[in-house]
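First the structure, in the form of structure tokens, and then the observations on it.
None of these values were measured; they are calculated from a predicted model. Each chain gets a letter, A, B and so on, in the order its sequence line appears, and its residues count up from 1. In what follows, every heavy atom counts, from backbone to side chain, and hydrogens, waters and symmetry copies are set aside.
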Amino acid sequence: MPELPEVEVLARHLAPLIRGKTIRDVTVRRERVLRPTSLRELGLKLTGAKFLQLRRRGKYLLFTLRVPKQKAPLRLLGHLGMTGKMYLLAADAPLPKHAAVVLGFGKTKFVFEDTRYFGRFTLDTSAVEKLGPEPLEKEFTVAVFAAALKKSSQAIKVKLLDQELVAGVGNIYASEALFRAGISPKRPARTLKLGEVKRLRQSIRAVLAEAIRCGSTVPLNFMGIGERDGLFYFGSAVGAPDFYTERLRIYDRAGKPCSKCGVVVRRIVQAARSTFYCPKCQSR
DNA sequence: CACCATGTTCCTTG
DNA sequence: CCAAGGAACATGGT
């Protein structure tokens with residue numbers, strides 16, 4: 001379920017549920033997700049530790065824990081990959097088929113479920129140091145963005161997926177932001193004019209902010225999940241306002257009419273990923 | 001059976 | 001060294 005907005009909403013929901021909770025036991029059912037941390041080290045360090053904080057950086061979750069008798073807090077990094085989810089269950093509730101890591105709290109348990117196991121749950125936090133600016137923060141300036149784009153001849157859509165350029169944009173919101181800005185996904189990054197760079201930056205911010213707003217207002221259930229809500233993208237949560245289902249204006253709409261001009265939306269493949277665009281609204 | 005999928009990393013090629 | 005493209009990772013949906 002994972003691009004920046006989904007991770008942000010997850011962090012906001014999860015933070016109050018785990019804050020102050022002490023980990024009594026650690027169960028790892030798929031060691032791959034710990035990479036490169038060993039099963040032994042994770043169990044050793046997490047058992048007895050208490051959750052203090054949870055924040056998001058790009059598509060990563062950063063947990064801060066307090067270890068008894070230790071001054072320095074412990075940092076834990078989570079990434080949802082393509083199919084990861086995190087939520088709490090009652091201690092006696094059955095685990096899903098693809099539960100990768102389970103942390104026992106006593107009456108409840110924290111579950112990291114990940115069908116494809118592309119996600120991570122690890123003590124190695126080095127990945128966040130390589131990330132570019134947070135798109136919704138002040139650090140994501142026109143100057144920084146424009147300078148980075150000038151250095152690249154990659155197609156702009158492909159470049160937007162580079163987490164060193166800007167952290168948190170994924171395949172869906174890259175198409176959405178370009179559609180909103182009226183820029184062709186095929187344009188080499190370095191050919192964007194300053195006005196287009198400004199528009200694109202604003203579109204990225206607007207698209208992400210709107211998605212966070214939607215996720216924050218929709219009734220999502222993170223405690224004792226029953227339904228399989230993959231969270232946002234294609235779901236239509238019960239009682240959700242109309243704009244929730246109409247939120248994606250270009251992604252996955254190949255063959256349908258463009259919402260702005262009616263021309264048929266196209267799907268192309270760039271860097272082995274699908275890109276959706278309107279050939280008229282995004283002709284250059 | 002075929003092809004598609006929200007992400008990242010590694011390998012090869014130029 | 002860099003850029004770019006593709007495959008790999010693993011499972012499930014259509």
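C/dA8 and B/dA2: their P atoms are spaced 16 Å apart (whole Å). Comparing the P positions of B/dC3 and C/dG6 gives a spacing of 16 Å, expressed to the nearest Å.
Distance from the side chain of A/Ser153 is smallest to C/dA3 among C/dG12, C/dA3, B/dC4.
Side-chain contact between A/Ile268 and A/Tyr277 is present, with at least one heavy-atom pair separated by less than 4.5 Å.
Spacing between atom CD1 of A/Ile172 and atom P of B/dC4 amounts to 16 Å, rounded to whole angstrom units. Taking atom CG of A/Leu80 as the reference point, atom P of C/dT11 lies 18 Å away to the nearest angstrom. Following rounding to the nearest Å, A/Met82 (CE) and B/dA5 (P) show an atom-to-atom distance of 8 Å. Put simply, CG on A/Leu161 is 16 Å from P on C/dA3, counting in whole angstrom units. As a whole-Å value, the separation of A/His79 NE2 from B/dT9 C1' is 12 Å.
Contacts between residues 30-40 of chain A and DNA chain C, defined by a heavy-atom separation under 4.0 Å, are made by A/Arg30, A/Arg32.
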**Q.** Paired and unpaired positions of DNA chain B as dot-bracket, Watson-Crick or G-U wobble under 3.5 Å, | denoting a partner strand
**A.** .||||.||||||||

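A stacked arrangement is not assigned to A/Phe118 and the six-membered base ring of B/dT8, the conditions of a centre distance below 5.5 Å and an interplanar angle below 30° not being jointly met.
Taking for each of A/Ala271 and A/Lys151 the nucleotide of DNA chain C with the nearest heavy atom, the 5'-most of the two is the partner of A/Lys151.
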